[in-house]
K.L.:
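Structure below; questions to follow.
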Amino acid sequence: MQDIQEQASNDYDPQAVEAAAQRYWNEQHAYEVKEDPARPKFFCLSMLPYPSGALHMGHVRNYTISDVISRYQRMQGRNVLQPMGWDAFGLPAENAAIKNKTAPAKWTYANIEHMRGQLKSLGYAIDWTREFATCRPDYYVHEQRMFVRLMKKGIAYRRNAVVNWDPVDQTVLANEQVIDGRGWRTGAPVEKREIPQWFLKITDYAQELLDGLDTLPGWPDAVKTMQRNWIGRSEGLEIHFAVEGEAAPLTVFTTRPDTLMGVTFVSIAGEHPLAQKAAQGNPALATFLEELKHGGVSEAELETQEKRGMATGLFAIHPVTGDKVPVWVANFVLMGYGTGAVMAVPGHDERDFHFAKKYRLPIKAVVAPLSWDGKSIESVTMFHDTGSGKVEYPSIHLEDDISESLTWSAWDERFGQHGVLLNSCALNGKTYREAFDYLADKLSAEDKGQRRVNYRLRDWGVSRQRYWGCPIPVIRCAKCGDVPVPEDQLPVLLPEDVADVYSKGGGVQSPIKTDPEWRKTTCPECGGAAERETDTFDTFMESSWYYARYTSPGAATQVDERANYWLPVDQYIGGIEHAILHLLYFRFYHKLLRDAGMVNSDEPATNLLCQGMVIADTFYRDNADGSKDWINPADVEIQRDDKARTIGAVLKADGQPVQIGGTEKMSKSKNNGVDPQSMVGKFGADTVRLFSMFAAPPEQSLEWNEAGVEGMSRFLRRFWREVTTHAAQPDHAVVDPAQLDAGQKALRRQLHEAIQKVGDDLGRRHSFNTAIAALMELLNAVGKFADMSEQGRAVRHEVLETMVLLLNPVVPHVSHRLWQVLGHAESVLEDQPWPKVDESALVRDSLTLAVQVNGKLRATIEVAASASKDEAEQLARAHPHVTSFLEGKTVRKVIVVPGKIVNIVAG
RNA sequence: GCCGGUGUGGCGGAAUGGUAGACGCGGCGGACUCAAAAUCCGCUGGCAGCGAUGUCGUGUAGGUUCGAGUCCUAUCACCGGUACCA
């Protein structure tokens with residue numbers, strides 16, 4: 001006790017406080033957990049980091065949110081699991097290896113060592129005994145075993161798919177490596193190339209993934225909406241168009257069969273076999289198809305490029321009318337989506353409309369809106385193709401109005417809407433639904449089509465032509481085809497010792513692809529010579545099941561029975577950038593685990609929190625050549641005018657001005673990154689944690705600002721001083737509510753209001769910034785509270801002791817020490833129960849009501865807490881500010897919201 | 001292009017349809033100090049006014065409501081995702 005009192009009298013020394021607390025937690029194994037059926041469990045999971053080299057503020061934010069929730073939940077009596085691991089495979093390791101001429105494994109392991117130390121300095125309540133790196137064979141062996149089982153089930157299969165090809169480096173490029181249509185390293189124009197790839201049939205689970213979203217009230221609506229749209233369920237018809245001179249029909253999918261009679265051509269993808277065939281005798285078309293191969297494969301690139309097409313010379317037969325319609329190749333039709341062919345209805349589809357106008361293809365109106373600007377429609381003309389090159393557009397004729405603007409000469413949104421059919425023979429007068437059902441029945445009966453549910457979602461391509469990933473456990477045998485590696489031969493090891501390849505300047509192509517020996521093996525079925533698959537898995541594969549592995553450290557199988565104690569995850573936290581891909585694969589893989597009998601839940605996580613980015617100011621100077629020198633914010637001083645507005649900035653080193661470049665995501669390229677480690681060294685982990693929780697609500701972007709960090713440090717020092725000063729005073733009495741005077745009651749009420757608010761903010765709203773603000777207000781209040789009477793000191797003691805507990809989830813090191821300063825034995829504070837609200841302390845004698853006249857605030861009044869609506873109204877109407885506004889007016893209505901406002905409506 | 005989100009003082013933000021700007025930063029004034037730092041106290045959205053107070057104000061334009069930062073429609077700007085960055 002003596003040494004505690006001595007230390008307590010000293011100023012707050014974060015380094016000493018944090019080292020002591022962390023040492024104690026380690027000695028106590030405070031955050032190592034086991035399954036305990038007697039207690040409610042809470043699995044708090046953050047997205048595992050990629051070991052890029054150094055912890056960045058985005059990590060700190062993610063893991064601090066997770067830590068605050070974890071510690072709070074444990075104080076609620078839950079058995080909390082908070083694990084950590086490393087998403088250790090990935091492209092950056094290969095890029096770094098090429099640059100540094102070293103092996104990806106070595107770089108990765110060194111980064112993990114470094115970042116683990118950084119994470120530990122932040123004092124997270126993590127069970128480190130469960131840590132793993134996904135690049136280790138004892139992790140990925142389970143992934144390989146699952147894959148060979150999925151092959152046998154038909155969930156994993158191989159087919160061709162298009163990739164970005166760099167013709168100079170002779171490698172496949174990731175979408176982010178394609179910049180303006182060129183390879184980032186070589187600058188060569190990128191080409192599309194079809195290669196065989198492994199896929200997982202996520203589309204078999206499309207409906208379940210869609211329906212499952214309705215069982216996740218704890219997920220943000222934005223994420224669920226994005227996933228719904230991504231899955232993109234649509235109901236429509238599959239329609240077969242016979243092709244003149246071809247045996248096989250052209251199959252299209254449409255959600256608008258009601259517009260079938262408006263089809264004036266059919267569009268197909270450049271890679272479509274029919275286009276390829278047509279090009280054989282058509283040099284112009286062959287050249288065009290060759291041109292379509294330029295550029296990358298990303299949707300953003302494909303969708304924003306100019307819409308282009310060319311006639312194939314082939315004709316399709318309209319399945320109802322028997323008319324001939326031309327078949328066009330169009331660059332916006334993609335082989336990978338649906339059937340690679342679409343029926344074109346330029347009268348009622350915007351994209352087809354623009355395409356038809358550009359290539360002077362006929363436009364036919366077959367659906368009329370029910371009304372136009374509220375006017376009823378008299379008639380709609382069909383198109384006329386005069387044959388002289390002059391095109392007349394269909395037009396709508398309204399009753400009592402003749403206007404040129406109603407033609408199809410320019411697109412109008414209403415052309416695409418449902419309406420009543422016309423110019424469609426037997427279908428005339430039918431609605432969308434009637435036409436849909438009529439055609440579905442008719443085409444099915446004639447074997448020309450059928451009803452179909454289509455999904456936008458495509459199967460998950462898991463092959464990567466890279467080295468630093470989990471080898472795909474398949475053997476290619478000339479005789480037996482693709483044979484899964486037998487389970488007793490797993491894992492297929494990725495060789496880590498490839499430093500030689502890189503030191504010689506190699507590595508642009510995968511070392512296991514360039515090594516003639518690695519692939520050699522024998523076929524497990526026929527025993528003949530065979531080759532291994534040299535592709536590796538997409539790294540989303542590892543990150544799709546890591547959460548489950550945390551529950552079963554050391555298990556010989558992928559997971560064991562412990563998984564069902566911990567799963568599903570109670571709170572998942574990560575960046576919004578993962579809203580679709582990772583979070584969809586994560587949900588999909590959980591269903592694969594379930595169907596393999598390994599887990600018994602349907603969804604992997606019940607609650608999801610998506611945090612925003614960490615951003616910072618940018619500063620630069622222009623170079624003579626037009627490039628920019630980016631300057632780190634730490635080296636810059638802001639200049640202000642007399643109203644505190646920013647007017648400029650100078651470099652601290654030379655005092656000369658620098659340009660201000662706006663606030664952007666922290667990145668190396670803009671040199672606006674702030675190193676968490678240096679911040680911890682300067683201010684301590686608690687201050688860094690406190691700032692990252694206080695500066696913004698978790699789902700918004702957080703602007704790093706060092707002056708703000710200093711403010712947090714100031715708060716902790718004041719809190720420290722307040723507690724140590726109080727603890728140095730003589731013993732305090734116990735609070736006796738009956739004896740409290742008005743000032744003591746007011747402070748105590750503020751405390752209990754804070755308990756209520758902080759609990760709600762941390763536990764339910766995840767509104768950490770407002771919880772901290774409430775505690776700052778409480779500290780301001782206790783700082784002004786000069787009452788040294790016995791009950792005064794007792795109230796102060798209750799406030800400070802409670803604050804230590806309320807702040808513990810955010811600043812656990814400070815709380816750990818101050819708990820002892822307040823006379824308690826050293827302990828794990830998460831085992832203290834969360835403070836309880838004393839309802840009697842919340843009672844108020846009077847309330848402040850806002851008084852409005854016609855919705856505008858005119859006065860505030862104090863009313864007794866027990867005052868009736870009538871009393872409040874009378875008091876409000878008697879207020880002089882109110883009477884002056886009511887002069888000469890008649891009161892028409894008075895709205896009284898108890899405890900809030902009185903609004904007098906007068907006129 | 002498409003899908004999702006965000007927009008409030010000089011700045012980060014608060015306000016869960018009911019007093020817009022809590023809390024923090026910055027700024028200004030004061031106390032302490034030989035001085036500075038640290039610390040403490042006070043003020044701080046714009047305009048008008050000595051003041052009481054009035055008036056305007058939540059990207060822009062409309063609308064719903066007794067009452068809108070919050071709900072609806074349109075629009076602009078920025079951010080995230082767009083299937084091989086993680």
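To find a chain, count down the sequence lines: A is the first, B the second, and so on, and within it residues start at 1.
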K.L.:
With nearest nucleotides of RNA chain B determined for A:L849 and A:M712 from heavy-atom distances, which residue corresponds to the more 5′ nucleotide?
P.N.:
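With A:L849 and A:M712 compared, the 5'-side residue is A:L849.
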K.L.:
Students often get this wrong, so: under 4.0 angstrom with heavy atoms, is A:R765 touching a base, only sugar-phosphate, or nothing?
P.N.:
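The residue A:R765 makes base contact.
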K.L.:
Here's a test of your reading of the structure: between A:T860 and A:V223, which maps to the more 5' nucleotide of RNA chain B?
P.N.:
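Its nearest nucleotide lies further toward 5', so the answer is A:V223.
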K.L.:
Rounded to the nearest Å, what distance is computed from the CD atom of residue A:Q700 to the P atom of nucleotide B:rC11?
P.N.:
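A:Q700 atom CD is separated from B:rC11 atom P by 15 Å.
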K.L.:
Nearest heavy-atom pair of A:R61 and A:M613: which atoms, and what distance?
P.N.:
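Residues A:R61 and A:M613, closest heavy atoms: NH1-O, 3.2 Å.
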K.L.:
Mind checking if A:T225 touches a base, just sugar-phosphate, or nothing, with heavy atoms under 4.0 Å?
P.N.:
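Sugar-phosphate: the residue A:T225, judged by heavy atoms under 4.0 Å, touches backbone atoms but no base.
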K.L.:
When the distance from CG of A:N854 to P of B:rA68 is rounded to whole Å, what number comes out?
P.N.:
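So the CG-P distance, A:N854 to B:rA68, works out to 11 Å.
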K.L.:
Going by side-chain hydrogen bond (donor to acceptor under 3.5 Å, both in side chains), A:R464 matches just one of A:T536, A:T539, A:D538. Which one?
P.N.:
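So, applying the side-chain hydrogen bond (donor to acceptor under 3.5 Å, both in side chains) to A:R464 and each of A:T536, A:T539, A:D538, only A:D538 qualifies.
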K.L.:
Would you mind classifying the nucleic acid contact of A:D535 as base, sugar-phosphate or nothing, using non-hydrogen atoms under 4.0 angstrom?
P.N.:
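It contacts nothing in the nucleic acid.
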K.L.:
For a quick check, with a 4.0 angstrom heavy-atom cut-off, what is the B/S/- contact string for nucleotides 74-86 of chain B, read 5' to 3'?
P.N.:
-----SBSBBBBB
K.L.:
Just how far, in rounded Å, is P of B:rU55 from CG of A:L857?
P.N.:
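It is 11 Å, rounded to the nearest whole Å.
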K.L.:
Examine A:F540 together with A:F586 and report whether their ring centres are nearer than 6.0 Å.
P.N.:
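Not close enough - the centres of the two rings lie 6.0 Å or further apart.
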K.L.:
May I ask you to say what A:F199 touches in the nucleic acid, namely base, sugar-phosphate or nothing, with a heavy-atom cut-off under 4.0 Å?
P.N.:
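It contacts nothing in the nucleic acid.
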K.L.:
In whole Å, I'd like the distance from the CG atom of A:L702 to the C1' atom of B:rC11.
P.N.:
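Value for this atom pair: 13 Å.
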K.L.:
Taking any heavy-atom pair under 4.0 Å as a contact, classify A:Q852: base, sugar-phosphate, or nothing.
P.N.:
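If one applies the 4.0 Å heavy-atom cut-off, A:Q852 turns out to touch a base.
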K.L.:
Could you tell me whether A:R718 contacts a base, only the sugar-phosphate backbone, or nothing, with contacts defined as non-hydrogen atoms closer than 4.0 Å?
P.N.:
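Sugar-phosphate contact only - A:R718 comes under 4.0 Å of backbone atoms but never of a base.
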K.L.:
Describe the nucleic acid contact of A:S767 in one word from base, sugar-phosphate, nothing, applying a heavy-atom distance below 4.0 Å.
P.N.:
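Nothing, no heavy atom under 4.0 Å.
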K.L.:
Please check if the side chain of A:N769 supplies one atom and the backbone of A:M693 the other of a donor-acceptor pair under 3.5 Å.
P.N.:
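No, A:N769 side chain to A:M693 backbone: no donor-acceptor pair under 3.5 Å.
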